[in-house]
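Note on naming: letters A, B, ... go to the chains in the order of the sequence lines (proteins, then strands), and numbering restarts at 1 for each one. Just the heavy atoms: all of them, side chains too, but no hydrogens, waters or symmetry mates, feed the values below.
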Amino acid sequence: MKSYDHKRIERKWQARWKKSKLYKTADTVKGKKNYYLLTEFPYPSGNLHVGHWYAFSVPDILARALRMQGKNVMYPFGFDAFGLPAENAAIKNKLNPRKWTLGNIKYMKKQITSMGASFDWSRELATCDPEYYKWTQWQFLQFFKAGLAYRKETAVNWCPSCKTVLANEQVVDGKCERCGTEVIQKQMLQWNLKITDYADRLIDDLSTLDWPEQIKESQKNWIGRSEGAEIDFRLTGNVGDDSRYLILHGREGKPTSVFIPWLKEELEKAGHEVEVPQLPNTNEPNAYEQAEYILKNCTVDEKTVVIGHSIGGVTALRLLEKGAKVRRVILVATPYSGRFLDGKKRPSVTDSVKKGFDFETIRNNTKSIIVMPDVKDDRVPFSDAESYAQKLAGMLVHGRGEEKHFMGKIEPDVLMCLCPTIRVFTTRADTLFGATYMVLSPEHPWVRLAIDDDHKVLENKDEVKEYVTAANKKTELERLTEQKEKTGVRLKGVEGVNPATGEKIPIFVADYVLAHYGTGAIMAVPAHDERDFAFAKKFELPIRDVISTGKMESGVFAGEGVLVNSGAFNGLKSIEAKSTLTDKFGRSKITYKLRDWIVSRQRYWGVPIPIVHCERCGDVAIPDPQLPVTLPEIKDYLPTGDGKSPLAKAKKWVKVKCPQCKGTAERETDTLDTFVDSSWYFLRYADTINKKKFADMKKMDAWMPVDLYSGGAEHTTMHLLYSRFWQKALYDLKLVKDSEPYTRRMNRSIILGPDGQKMSKSRGNVIDPDAVVAKLGADTVRMYLAFIGPYNEVSNYPWNPDGVVGIRRFLERVWRLRDRLTISVKKSDGHTISNIERMLHVTIKKVGDDITALKFNTAIAQMMSFMNEAESKGITKAQYETLLRLLAPFAPHIADELWSMMGHKKSVHIEKWPAFDPHKLASSSFTIAVQVNGKTRTQITIPAAVKEDAVKEQAETAAGKWLEGKAIKKIIYVPGRIVNIVAGE
RNA sequence: GCCGGGAUGGCGGAAUGGUUUACGCGUUCGACUUAAGAUCGAAUGCCCGCAAGGGCGUGUGGGUUCGAGUCCCACUCCCGGCACCA
């Protein structure tokens, strides 16, 4: 007969499957359950490597097996087509990124076809297709309208080589993940997504998922939730102790609104006089009227600090305009120019707002102005605060509201701005008695305030300023690596008050305290914190042990202890002391390491952010009918270098009419991070062709959540976290029905070169799959990759060129076996099952079980064992055909060829998966081990039906040699396994 | 430092508390061949022994058990995540 010609066979069957549309998946099939098998879609780099084969052809085994087992399986394919390489190629070789990408996709599709994978190509997608990114933009705008997308000036990771902003996840060891260049810090206005709002749910919902523990742990670490306490430390010294305070509430407010009662109490506790008037006409406030009212009814003098919340801040400014002279003005979540982020106007307030201010008079009538917007405010645009701070020559403080727009009952940032208090975060409230000094980060708002303040708060302002300026120049990494010694400067003229002991303690600014974590300020407990200890040693600060460790030597860091050994809490356990002290002096607080997701990229080849910047209306969403905002064609893809995207060069495109006021405006020129594109592609697969929605709800319902998602371990804290966030955000907007996208996830291993090293051109150890396929066939390559190790565990497997040959041999043996099939002979006794029939049923069971468990390697091993037996004993036509059906998912081409050679007209891939007969699994007799005192000595063969006593007797006889001179104490018989004779002297 | 995962022949790996090393590769011997390759058959954990057989073997040390790769305790090393995160 013909020999196994893989080239002919693979070409033939790939063409037939395509022609008969064998893998086109309907959304519903009567009587079949849907199963959504997803593998991470690739970037169209232009060439298929072994990793792609491993990623796509091995899960195809599962897809095919589940189909034969009666599931309606969707196994889709697409391309993550936006991103840097296309642009780099464009810059380097003067190619159009679109043409380059589309060319690569075309070529790769051809290569992928050679895998013989059962992809449903009718659902193919590419993220650079306007029909796709129209919906990326649309979803982004839903988030924008819901306040989940916002623009903020942030210190961002900037790659000087790629000339773009990088997400934290793209910075590895302080270097650009892509090009290895040292990343620097740069202040830029960036689009952010509020993933931090979802931190708790992203952690808590992990428990509902069938994911490997390793991935869950990684995500938890990344989010970094830690439960601790915030404790307020009052300041004393040159902090304007004789100030009196006038608090002006906002629209629809009163003296008991929001944080006002709390703030009043806190200020009075510190010994200040506080006045909170009830302003007139709060429903439709008129700032002029309110200012008049204050002048008439309240005390306003040069010791007065005026605090205006929201529209109350406008009143404060009008007050100064009218000539009131005050010590300081603090605008909390103010001012706003009469428009809101949602685009709605509130006409009743615009009169007294819009009129424009006499900024000069205001500046002259106060010694300082602080503008403190809430960085997470979703009502008042942050940019308003920036421009007002500039016009007022005021200090801009990036505040953080407990509630958006500073609407919380307690707003510590407001109190901090007024000087008397610094709030610290600690997980060790039990060590409060040991806090002997405080440290603020160089970026701490109060430090910025103090060095800019007209008042003489600090006695060594210049020294502090110098330190802060130097620290700001460095990146976090530089601070860490450049200096092993702790540095810092004491803030002279102010002291903190330890709320537990009442003692006055020094305050330092030092860069070992991080600005973005907790409150950016700490209470230092040198006896129980290594870092504080090092700092205290250097600056000769007191070290007080408040936890009895028994190990404490004078001046030596004591580490963690058990019992609190201080004043009122003597003998209390740490945990008890923690909660007691937290309740008494602070409040419990949860912090996260996770930061918001910066999504803007100063790059051409990405999704344009569908926003228009209008002088009058601010940031305005592009209306739905105008979507998608398509990428304009440009000539030069190089970034401008000043932080702007190459899109800024498309002048005609940039200039638009504001959709709201129809005046001239400019388009946003940044594009979206490609992780945005991939945050929802799995939803689109459910309904790739939909022109009215990103996907039809019913169709998504048919497929989502994904049953199994296979992908690379490198996406654990990036794509996997982002897409979970995206799904939850869509869920909250009622756009999808599930709050989690993937039920089961597995991370895939990496295929190394034959030398055990990562494949790379420079090492010369790259395996070209096309070459191996040409030589040995796609079936061999697929099956070898499945055989190399368990698929559901992360490891690194070297490609063994000899090992591949082993699989090819196996397939050749299956091919040749067809010529040696025996004729079925009925056993005369009719009861006993032939050994080969028994083994076939064992194989059916094991192959099925192992595929479901993603242990393709042992499934293949079982088929090999069966083949070994089949070759020596011979098998019947029916048994052979059963083997072909088991082989079909693994080696689809050869299986279909042999199946048709057996005389079948239809493809083996639409056959039913063979069922095993449980009665046929058991052997009629078996060999068991005989142990003496737990050591295996010999074996006996016994019939299946034999009684226990007979087995024991037989074992005793067989083991006689090892029992000489010993008394048998006990015999343990485990049916089918062992007999253990326990004997002694 | 904290958290998670792991360590089994020459190699990739199997193994519900029950014959350690299935399956494949490699190696050795044999058959076929002028020869090589391919193919087929046999052997293959280590040590001692002509053999029968014996001893030792799943990172290290202990424990539980009739019996431990598997369960418990302590440790070593490797991989992954986080990390001046208070």
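- Ion pairing of A:K7 with A:D5 is absent here, as no side-chain N (NZ or NE/NH1/NH2) approaches a carboxylate O to less than 4.0 Å.
- Taking 4.0 Å as the cut-off between side-chain N and carboxylate O, A:D413 and A:R423 count as a salt-bridged pair.
- Picking from B:U19, B:G18, B:A86 the nucleotide with the shortest atom distance to the side chain of A:I972 gives B:G18.
- When the P atom is compared between B:G63 and B:A14, the two are found 31 Å apart, to the nearest whole Å.
- Taking only side-chain atoms of A:V513, from C-beta outward, the nucleotide of B:C82, B:A86, B:C23 with the closest atom is B:A86.
- Across all strands shown, B:A74 pairs with B:U60; the Watson-Crick or G-U wobble distances both stay below 3.5 Å.
- If you check distances only, the side chain of A:K969 never reaches the base of B:C66 with a donor-acceptor pair under 3.5 Å.
- A:L785 has its CG atom 17 Å from the C1' atom of B:C23, to the nearest Å.
- Not one side-chain nitrogen or oxygen of A:T519 sits closer than 4.0 Å to the OP1 or OP2 atom of B:A86.
- Taking only side-chain nitrogens and oxygens, A:Y784 never comes nearer than 4.0 Å to OP1 or OP2 of B:G24.
- Distances shorter than 4.0 Å separate none of the side-chain N or O atoms of A:K846 from OP1 or OP2 on B:A14.
- The distance between atom OH of A:Y437 and atom C1' of B:A86, rounded to the nearest whole Å, is 11 Å.
- Between A:W799 atom CH2 and B:C11 atom C1' the separation is 16 Å, expressed in whole Å.
- Counting heavy atoms from C-beta outward, A:R745 and A:L209 have side chains that stay 4.5 Å or more apart.
- Listed candidates were B:G13, B:C23, B:U19. Nearest to the side chain of A:T936 is B:U19.
- With hydrogens and angles ignored, a donor-acceptor pair under 3.5 angstrom links the side chain of A:N980 to the base of B:C66.
- Between A:F233 and A:I507 the shortest side-chain heavy-atom distance does not fall below 4.5 Å.
- For the pair A:I522 CD1 and B:C84 P, the computed distance is 14 Å after rounding to whole Å.
- Contact between the side-chain N/O atoms of A:R816 and the OP1/OP2 oxygens of B:C40 is found at a separation under 4.0 Å.
- In this structure, B:U65 forms no base pair with any nucleotide, since neither Watson-Crick nor G-U wobble geometry is met with both distances under 3.5 Å.
- Look at B:G9: it lacks any Watson-Crick or wobble partner with both distances under 3.5 angstrom.
- For A:Q214, the listed nucleotide lying nearest its side chain is B:G5; candidates were B:G12, B:G5, B:G54.
- Atom NZ of A:K538 sits in a crowded spot, with more than 12 heavy atoms from other residues, nucleotides or ligands closer than 6.0 Å.
- Nearest to the side-chain atoms of A:K855 among the listed nucleotides B:A15, B:C84, B:G13 stands B:A15.
- A:T858 has no side-chain polar atom (N or O) that falls below the 4.0 Å cut-off from OP1 or OP2 of B:G13.
- Between the side chain of A:R428 and the base of B:A86 there is no donor-acceptor pair of N/O atoms closer than 3.5 Å.
- Summarising the geometry, the separation between CD on A:E213 and C1' on B:C82 is reported as 16 Å, rounded to the nearest angstrom.
- Of the nucleotides present, none pairs with B:U19 by Watson-Crick or G-U wobble criteria with both distances under 3.5 Å.
- Atom CD of A:E953 sits in a sparse spot, with 12 or fewer heavy atoms from other residues, nucleotides or ligands closer than 6.0 Å.
- Rounded to an integer number of Å, the gap from CG of A:L752 to C1' of B:C79 is 13 Å.
- Distance A:I807 CD1 to B:G12 P: 17 Å, rounded to the nearest Å.
- Residues A:L541 and A:P526 have side chains not in contact (no heavy-atom distance under 4.5 Å, counting atoms from C-beta outward).
- Between A:R977 and B:U16, a side-chain N or O to OP1/OP2 separation shorter than 4.0 Å is absent.
- Using a 90° window around 0 for the glycosidic torsion, B:G26 falls outside it and is classed as anti.
- Residue A:N868 places at least one side-chain N or O closer than 4.0 Å to OP1 or OP2 of B:G24.
- The side chain of A:E217 has B:G4 as its nearest neighbour among B:G18, B:C23, B:G4.
- Summarising the base pairing, B:G1 is matched to B:C82 through a Watson-Crick or G-U wobble pair whose two defining distances lie under 3.5 Å.
- OP1 or OP2 of B:U39 sits under 4.0 Å from a side-chain N or O of A:R809.
- Ring centroids of A:F535 and A:Y437 are separated by less than 6.0 Å, placing the two rings close together.
- The side chain of A:P798 sits closest to B:G12 out of B:U19, B:G12, B:A22.
- Here the side chain of A:S865 is nearest to one of B:C25, B:C66, B:A22, namely B:A22.
- Here the nucleotide nearest the side chain of A:D511, chosen from B:C85, B:C84, B:A15, is B:C84.
- In the set B:G81, B:C85, B:G24, the nucleotide with an atom closest to the side chain of A:R813 is B:G24.
- Between A:W962 and B:G53, a side-chain N or O to OP1/OP2 separation shorter than 4.0 Å is absent.
- The shortest distance between the side-chain N/O atoms of A:N857 and the OP1/OP2 oxygens of B:A14 is below 4.0 Å.
- Between the CZ atom of A:F810 and the C1' atom of B:G12 there is a distance of 18 Å, given to the nearest Å.
- Base pairing analysis places B:G30 opposite B:C40; the two distances defining the Watson-Crick or G-U wobble pair are each below 3.5 Å.
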